Amino acid sequence: MVSAVGDRYKVLKDEQWELLELLLPKSQGRVGRHFANNRRVVEAMLYRLRTGIPWRDLPQVFGPWQTVWKRHRHYAGDGTWDRVLTALLTLADATGNRIG
């Protein structure tokens, strides 16, 4: 559950987040700090995609915009988003569900 992000900014249902969380990289075992609230960061990415605002204009409820930008850049650069899309499309095909 996201307590720091109000319903106004929340896009993902809990069930959707639980599935997405399984597909995202974990910060355990990595050098450096552990990922801060990953759901809040992903919700911030989705908010930015929906609104088209610059990274610097993300509402403060999402935390530092730099964190969101860096995580998005990391996920895009290492193929995480491509793997997530492929997994979700495969799941939708296998279960006969539509995404969207």
Side-chain angles (χ1 to χ4, degrees):
M1 179 170 260
V2 176
S3 57
V5 179
D7 286 343
R8 175 178 173 200
Y9 302 106
K10 188 176 176 183
V11 176
L12 297 171
K13 297 175 185 169
D14 290 337
E15 303 81 33
Q16 293 170 320
W17 171 248
E18 289 169 8
L19 176 60
L20 185 56
E21 186 177 31
L22 295 172
L23 301 171
L24 295 174
K26 310 293 183 261
S27 63
Q28 290 83 0
R30 292 179 183 250
V31 176
R33 295 171 30 172
H34 290 294
F35 290 161
N37 187 336
N38 213 20
R39 182 171 181 171
R40 183 181 70 194
V41 172
V42 172
E43 292 277 8
M45 291 176 201
L46 294 172
Y47 181 84
R48 182 184 175 271
L49 288 171
R50 282 192 346 262
T51 61
I53 62 173
W55 291 108
R56 291 178 184 263
D57 292 341
L58 278 171
Q60 289 184 347
V61 298
F62 295 119
W65 69 266
Q66 296 93 334
T67 301
V68 180
W69 175 77
K70 286 177 189 175
R71 190 89 47 86
H72 174 71
R73 191 175 130 199
H74 176 78
Y75 286 173
D78 72 359
T80 294
W81 290 132
D82 293 333
R83 288 189 299 277
V84 167
L85 178 61
T86 299
L88 292 177
L89 290 173
T90 301
L91 178 63
D93 285 344
T95 60
N97 291 325
R98 278 186 51 226
I99 294 181

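All of these numbers come straight from a predicted model, not from anything done at the bench.
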Donor-acceptor pair, side chain of Lys10 and main chain of Arg8, under 3.5 angstrom =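 No; zero donor-acceptor contacts below 3.5 Å.
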Donor-acceptor contact below 3.5 Å, side chain Glu21 vs main chain Arg39 = no
Output the distance between atom CG (Leu58) and atom OG1 (Thr51), rounded to the nearest 0.5 Å.
->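 Separation between the atoms: 7.0 Å.
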Inter-residue atom distance Leu91.CG - Thr86.OG1, 0.5 Å rounding |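 So the gap between those two atoms works out to 12.5 Å.
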Which is it for Trp17 and Leu22 under the side chain to side chain contact (heavy atoms under 4.5 Å, CB included) test, yes or no, and what are the steps along the way?
-> CA-CA 9 Å; Trp17 171 248; Leu22 295 172; over 6 Å; no
Mind running side-chain hydrogen bond (donor to acceptor under 3.5 Å, both in side chains) on Arg83 and Thr80 for me, showing each step along the way?
-> CA-CA 5 Å; Arg83 288 189 299 277; Thr80 294; 3.2 Å; yes
So does Asp78 pair up with Arg73, basic N to acidic O under 4.0 Å?
-> no
Pro64 and Val41, any side-chain heavy atoms less than 4.5 Å apart |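 A side-chain contact under 4.5 Å is absent here.
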For Pro25 and Asn38, which heavy atoms make the closest approach, and how far apart are they?
-> O-ND2, 4.4 Å
Of the non-hydrogen atoms in Leu12 and Glu43, which two are nearest, and what is the gap between them?
-> N-OE2, 3.2 Å
Begin with the C-alpha distance, continue with both residues' side-chain angles, and end with the deciding distance and a verdict on side chain to side chain contact (heavy atoms under 4.5 Å, CB included) for His72 and Arg48.
-> CA-CA 11 Å; His72 174 71; Arg48 182 184 175 271; 5.6 Å; no
Quick one: which of Trp55, Trp69, Tyr9 gives a ring-ring contact (aromatic ring centres under 6.0 Å, His included) with Phe62?
-> Tyr9
Run the side chain to side chain contact (heavy atoms under 4.5 Å, CB included) check on Tyr75 and Leu24 step by step: do they pass?
-> CA-CA 9 Å; Tyr75 286 173; Leu24 295 174; 3.9 Å; yes
Excluding sequence neighbours, so at least two apart, what forms side-chain contact (heavy atoms from CB on, under 4.5 Å) with Arg56?
-> Trp65
Evaluate the criterion side chain to side chain contact (heavy atoms under 4.5 Å, CB included) for residue pair Leu19 and Leu88; output intermediate values, then yes/no.
-> CA-CA 9 Å; Leu19 176 60; Leu88 292 177; 3.6 Å; yes
